[in-house]
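Structure record follows, encoded as structure tokens.
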Amino acid sequence: MILSVRQVVKKYSDHLALDHIDLEIPRAKIFGLLGPNGAGKTSLIRIINQITAPDSGQIIFDGEPLSAKHVDQIGYLPEERGLYKKMKVGDQLLYLAQLKGMSKSEAISKLKDWFIRLDIKDWWNKPVDDLSKGMQQKTQFIATVVHEPKLLILDEPFSGFDPINANMLKDEILAIKERGTTILFSTHRMETVEELCDDIALINHSRVVLAGEKAEVQNRYKQHIFKIRYLGNLPLELKGVEVLLVNGQSATLKLSAGISSNQAISQIIAHVDLLEFQELIPSFNDIFIQVVNETNAYE
Amino acid sequence: MHMNKILLIIQREYITRVLKKSFWISSLLAPVLITAIYAIPIWLAMKDKEVKRVEILDLSGLWKKSDLVDKEVVFVFTTGKEQDLKMLFASKGYDAFVSIPNDVLTNPKGVHIYTAKNIGMSLKESVEKLLQNKVRHELLLKAGISPQIYESTQVDIDSKTITVSTDGQETRSSSGGAMILAGIMGLVLYVTLLLYGSQVMNGVIEEKSSRIIEVIISSVKPYQLLLGKIIGVGLVGLTQFLLWIVLTIGLTQVTSKLYGEKVKNNLTQIKQIDSGKQGSLISKSEEESTMSEVTKVLESTNIPMVIAAFLFYFFVGYMLYSSLFAAIGSAVESATEAQQFTFIVMIPIILSFLMAQYTMQDPDSNIAFWASMIPFTSPINMMVRLPYGVPTWELILSMVLLVLGFLGCSWVSARIYRVGILMYGKKVTWKELGKWLFYKE
């Protein structure tokens, strides 16, 4: 584990932002921190970045209690992000890299690499004011990763990116993961989660309401619904199988508890020629809405 | 490691400001203005020194050629009728024509000056002065008073002020010069406290409103950023002082080199004329006496001590106020929103400048004493008192209190700052600011 969050509590004067949060973030994985607005994601991220401190609980970073020296091993791209408008791109990145503990010469050579990589070689002397929004986002991304952190925290990284830049960012994130960096994603875009994340945790009302490996979580929430394609006439009465929808030569079925897929198939092939039998995995969007609604009702 | 990061912040704050055009404009403009204030009157005075020719008709016969010597006017005696002469002098190339009636001693209002065009007060004054001197001289003689006796009554009292300390040590001091020095130092502190304090505030607002702040404080602690910014801007202030001093000295040197010879010639000319005159009433030029006053102050004050105290009061006073300005900047999202809070920080600065006017009048009064002790008013008021002489214990007490005041203010400011920089979209009230003081980290 690169990061363990244990029983972390954070209380603000008027509300409880984090209520005994436990999280385990495995090394070299992409971890999705999900949750509706105001659930407590930003509070947790600020604690991991040591911008604020927890009221109680513990955070273990790379085997040690989190302390000031770890600041240089974390890269953070906040959701609301900005740059010094009057400074030149190169000077600005050099400054931010040095604040993360890099030496000047090291920072310059790494920055030059990134400038070539992201195809922005001639930006070094441009004032930030002259950059488009997409260009500024590239600059901010470089500032987050240039010091090669062990943990990269990205808060809604794709918001405001055009599709081309978003794709480029996705590729870079995957490349960074390949190099052994852990990425903590905070987002409520479920398509990103499905595409990129290995593990997820869902926070609602200051608590972790769902956590685990992505496939395992989806497994947990599958509702035994299958999609079939066939030739022939499918009878609507099958034992332990509810036909939800028939559409020409395909149908959606829900298996009752205790009926295995094999038992269902053997019934179906007695009537029709089965061409395809596929389980419908719940989307994270569905899971997100379901879990949030359940916990809201419980509250 | 942490020290390095603060140094980086100081460096950025310093370099970005020093590279701004506005910094150089204000650094250059002030010395140019100061030099101009010195140079323009001299230049104008010399420009005026173009010699005027005046024709004079003296019916009284009192004036001799040697009486009518002036650095700006050449007098030429003439004879003839006033009615004719007043029509002709201009065509003969004279700037003016003066007619003196023969009963001038009893009828001094009978003197007429005819001019071709309006040639200004200075010619009128120099003509009148010359005539007046002679008339007085004659009247004194008639009254039986010799010019020597008269002259001996023209005493100039120019007292020397001597400060006597309790152990009997005497220092020559000059309250006039002390006032000038005190006034300059008070004014410079007043301007710079406001100027650089609000620069710190604007820097904080810029970081908050551009949203770079969250990235920065994920690398450094808020207090490091605050400290780095305050020190960086303070160094910009010191750089500007230094530039002002160096450039002003340099420019005045160059100007006086340029004018120097001419001014010297003029001065010797004036002296010759003055000494050549009987019963001269011309006193020392005002500038000369001011200069000697300043020299006296410079002789009587402990310059290294005053400079050290000035730097101390500037830097600590600036740190105190700029930390408060920073706290305000952190609580708001725009400069306009800041206005409702800045007055509370500006009031003590303005108040101490107003108090300094009293302090200058009466540097040993109770008001002056307290104004130079209370941390908010002490930077300006102690610097104003210092040239008049302040007991060492008072100076030390005032410095200690200022440092304590700074520590208190920076504690309050740092606590507001760390909460404020991350607080968006909330209308901030005084009550809210008070609550922030007691937030946990």
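Given the structure is predicted, the values throughout are model-derived calculations rather than measurements. Chain identifiers are assigned alphabetically (A, B, ...) following the order of the sequence lines, protein sequences preceding nucleic acid strands; residue numbering begins at 1 within each chain.
- Taking both residues in full, the closest heavy atoms of A97(A) and A107(A) are given as CB-CB, 3.8 Å, listed atom of the first, atom of the second, then distance.
- Using non-hydrogen atoms only and a strict 4.5 Å limit, no part of residues 25-40 of chain A faces chain B.
- The minimum heavy-atom distance linking Q240(B) with F23(B) is given by the pair NE2-O, 3.5 Å.
- Looking at T16(B), only its side chain comes within 4.5 Å of chain A, counting heavy atoms on both sides.
- Note on I213(B), L422(B), I15(B), I217(B): by heavy-atom pairs under 4.5 Å with chain A, the leading option is L422(B).
- The number of heavy-atom neighbours closer than 6.0 Å to NZ of K126(A), taken from other residues, nucleotides and ligands shown, is above 12.
- Within the 4.5 angstrom heavy-atom criterion, only side-chain atoms of Q92(A), from C-beta onward, approach chain B.
- Between K85(A) and D129(A) there is no salt bridge, since none of the side-chain N atoms of the basic residue sits less than 4.0 Å from a carboxylate O of the acidic one.
- The greatest number of non-hydrogen atom pairs below 4.5 Å with chain A, out of Q11(B), K20(B), E207(B), is found for E207(B).
- Under the 6.0 Å distance and 45° angle rule, K88(A) does not count as a cation-pi partner of W123(A).
- No cation-pi contact links R46(A) to Y76(A), judged by a cut-off of 6.0 Å to the six-membered ring centre and 45° from its axis.
- Annotation for Q58(A) and P65(A): closest pair NE2-CG, 4.4 Å, computed over non-hydrogen atoms.
- Within the cation-pi definition used here (under 6.0 Å to the ring centroid, within 45° of the axis), K208(B) qualifies as a partner of Y424(B).
- Interface residue E206(B): only side-chain heavy atoms are found under 4.5 Å from chain A.
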